[in-house]
Novice: 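To start, I am sharing the structure in question, which I have written as structure tokens.
Sequence lines set the chain letters: A, B, ... in the order given, protein chains first and strands last, and positions in each chain run from 1.
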Number of protein chains: 2
Amino acid sequence: MVEYDSQTLDTIFHALGDATRRAMLGDLAVGDRTVGELAEPFAMSLAAASKHIKVLEAAGLIRRDVRGRTHVCSLEPMPLMSADQWLGVYRRFWTNRLDTLEQLLRADDAATPHPPKPPLPGTEGE
Amino acid sequence: MVEYDSQTLDTIFHALGDATRRAMLGDLAVGDRTVGELAEPFAMSLAAASKHIKVLEAAGLIRRDVRGRTHVCSLEPMPLMSADQWLGVYRRFWTNRLDTLEQLLRADDAATPHPPKPPLPGTEGE
DNA sequence: ATCATATTCAACCATATGGTTGAATATGAT
DNA sequence: ATCATATTCAACCATATGGTTGAATATGAT
């Protein structure tokens, strides 16, 4: 059942609500990264990137392994699962929406008497 | 493929990063609600709730139908699908994690020589 | 016309957020 | 011991966020 308390979800979704942090997670999906490596792609100070990393860490989305003077970060996926589970409740809504859309397209298609290929663009006057 | 530009995801995840707003979505999952109905469960002013509703609306998560003096809100699920798709990239990470965990449990189980049912709670001294 | 109801607006406030810079800390290399 | 590298800390700043209150707006009911 995986208990999701709302404060945890607040922290997780908040952490995901920033493009820099999502990009960092994307980077960590490829492999482990030091703080410096995580910061490198971004046009901001190391201190700023360090703060983002701490937000991710606080949300439980990454783990930090201090090896000497470098800190190696790795992806910690379980909080993403919580977020996914929360979203899962709403899945039927968008699948419904898509099904309805598909039916409309089918009906539309059936109503159209086999258009013998659309004309090439620009061959018919406006 | 559903293009997800990062600014859109920022807005969506940010909207989801607040318990009040998630609860409102939960309410709308049951059925349509007026602004007043959406605000009612919360210990905050109508104006504050109204702001939350506007955040959800700006993220495209709800639609508003103005009927006379009441505004009827309804769930708009597609942005949730975008969020879900973003998360989907990471699904393999948590399923991996769960698989590993399950294997550990199996190995553990196999190693244990058939414990003949756990004792009832409280029947053995501390 | 008058009054009640539903909602927003505007001004305000405290705190959080995302950034900066310069100094501090801790480890590694010579 | 000395210097370089990796990272954080502290102080600061502008803006965003989530809340408040009182007034305004717009519609509905009588």
Side-chain angles (χ1 to χ4, degrees), chain A residues 6-28 31-76 79, chain B residues 6-28 31-76 79:
Chain A
S6 62
Q7 225 187 298
T8 304
L9 282 178
D10 280 6
T11 323
I12 296 168
F13 279 124
H14 169 253
L16 297 180
D18 180 286
T20 300
R21 291 192 287 262
R22 285 196 308 279
M24 286 177 165
L25 291 178
D27 209 1
L28 290 171
D32 292 359
R33 297 282 184 268
T34 68
V35 168
E37 287 166 347
L38 277 179
E40 195 268 326
F42 303 103
M44 67 177 70
S45 67
L46 238 176
S50 171
K51 282 189 194 177
H52 281 298
I53 293 171
K54 259 179 274 187
V55 171
L56 290 168
E57 204 181 3
L61 286 159
I62 71 179
R63 232 188 38 210
R64 180 192 301 253
D65 190 12
V66 179
R67 294 183 199 163
R69 66 185 165 178
T70 66
H71 298 193
V72 177
C73 302
S74 53
L75 187 65
E76 198 62 58
Chain B
S6 63
Q7 225 187 298
T8 304
L9 282 177
D10 279 7
T11 323
I12 297 168
F13 280 124
H14 169 253
L16 297 181
D18 180 286
T20 300
R21 290 192 288 262
R22 285 196 307 280
M24 284 176 166
L25 291 178
D27 209 1
L28 289 170
D32 293 359
R33 297 281 184 268
T34 68
V35 168
E37 285 167 349
L38 278 178
E40 194 269 326
F42 304 103
M44 68 178 68
S45 67
L46 237 176
S50 171
K51 283 189 193 173
H52 281 299
I53 292 171
K54 260 179 274 187
V55 170
L56 291 168
E57 204 181 2
L61 286 160
I62 70 178
R63 231 188 39 208
R64 180 194 301 254
D65 189 13
V66 179
R67 293 182 199 164
R69 66 184 166 181
T70 66
H71 300 194
V72 177
C73 302
S74 54
L75 188 65
E76 199 61 60

Novice: Taking the nucleotide of DNA chain C with the nearest heavy atom to each, does A:Val55 or A:Arg67 sit closer to the 5' end?
Specialist: A:Val55
Novice: Is any side-chain heavy atom of A:Leu16 closer than 4.5 Å to a side-chain heavy atom of B:Leu16?
Specialist: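 A:Leu16 vs B:Leu16: side chains apart.
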Novice: Whole angstrom is fine here: how far is it from CZ in A:Phe13 over to P in C:dA16?
Specialist: 22 Å
Novice: Is the shortest heavy-atom distance from the side chain of B:Val35 to the side chain of B:Thr70 under 4.5 Å?
Specialist: no
Novice: Name the closest nucleotide to the A:Ser45 side chain, picking from D:dT21, D:dG19, C:dT21.
Specialist: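 My answer, after comparing the listed nucleotides, is C:dT21.
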Novice: Can you give me the closest heavy-atom contact between A:Cys73 and A:Ile53, atom names plus distance?
Specialist: SG-CG2, 4.2 Å
Novice: Could you run through nucleotides 3-8 of chain D and give me one letter per nucleotide, 5' to 3': B if any protein heavy atom sits under 4.0 Å from the base, S if only the sugar-phosphate is that close, - if neither?
Specialist: -BBSBS
Novice: Would you give me the side-chain donor-acceptor pairs under 3.5 Å for residues 37-49 of chain B, sequence neighbours excluded?
Specialist:
residue: B:Glu37; atom: OE1; partner: B:Thr34; partner atom: N; Å: 2.9
residue: B:Ser45; atom: OG; partner: B:Ala48; partner atom: N; Å: 3.1

Novice: Given Watson-Crick or G-U pairs with both distances under 3.5 Å, what dot-bracket string fits DNA chain D, with | for other-strand pairs and [ ] for crossing?
Specialist: ||||||||||||||||||||||||||||||
Novice: Using the test side-chain hydrogen bond (donor to acceptor under 3.5 Å, both in side chains), find all partners of B:Asp65 that sit at least two apart in sequence or belong to another chain.
Specialist: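 In terms of side-chain hydrogen bond (donor to acceptor under 3.5 Å, both in side chains), with neighbours along the sequence ignored, B:Asp65 is linked to B:Arg67.
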Novice: Applying salt bridge (Lys or Arg N to Asp or Glu O under 4.0 Å), name anything that partners B:Asp10, two or more places apart in sequence or on another chain.
Specialist: A:Arg22
Novice: Could you state the atom-to-atom distance from NE2 of A:His14 to C1' of D:dA16 in whole Å?
Specialist: 10 Å
Novice: Is there a residue in residues 16-28 of chain B whose heavy atoms reach under 4.0 Å of DNA chain D, and which residues are they?
Specialist: B:Asp18, B:Arg21
Novice: Any side chain to side chain donor-acceptor pair (under 3.5 Å) involving residues 54-63 of chain A? Give me the pairs, sequence neighbours left out, ordered by first then second residue.
Specialist: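 Qualifying pairs: A:Glu57-A:Arg64.
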Novice: What are the two closest non-hydrogen atoms of B:Pro79 and B:Ala59, and how far apart are they?
Specialist: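 So the minimum-distance heavy-atom pair works out to CG-O, 3.6 Å.
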Novice: Which residues satisfy the side-chain hydrogen bond (donor to acceptor under 3.5 Å, both in side chains) test with A:His52, sequence neighbours excluded?
Specialist: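 Checked A:His52 against side-chain hydrogen bond (donor to acceptor under 3.5 Å, both in side chains); matches are A:Arg21.
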Novice: Is there a side-chain contact between B:Val66 and B:Val72 (heavy atoms, below 4.5 Å)?
Specialist: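 B:Val66 vs B:Val72: side chains apart.
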Novice: Could you tell me how far apart B:Asp10 (CG) and C:dG18 (C1') are, to the nearest whole angstrom?
Specialist: 12 Å
Novice: Which residues satisfy the salt bridge (Lys or Arg N to Asp or Glu O under 4.0 Å) test with A:Asp27, sequence neighbours excluded?
Specialist: A:Arg33
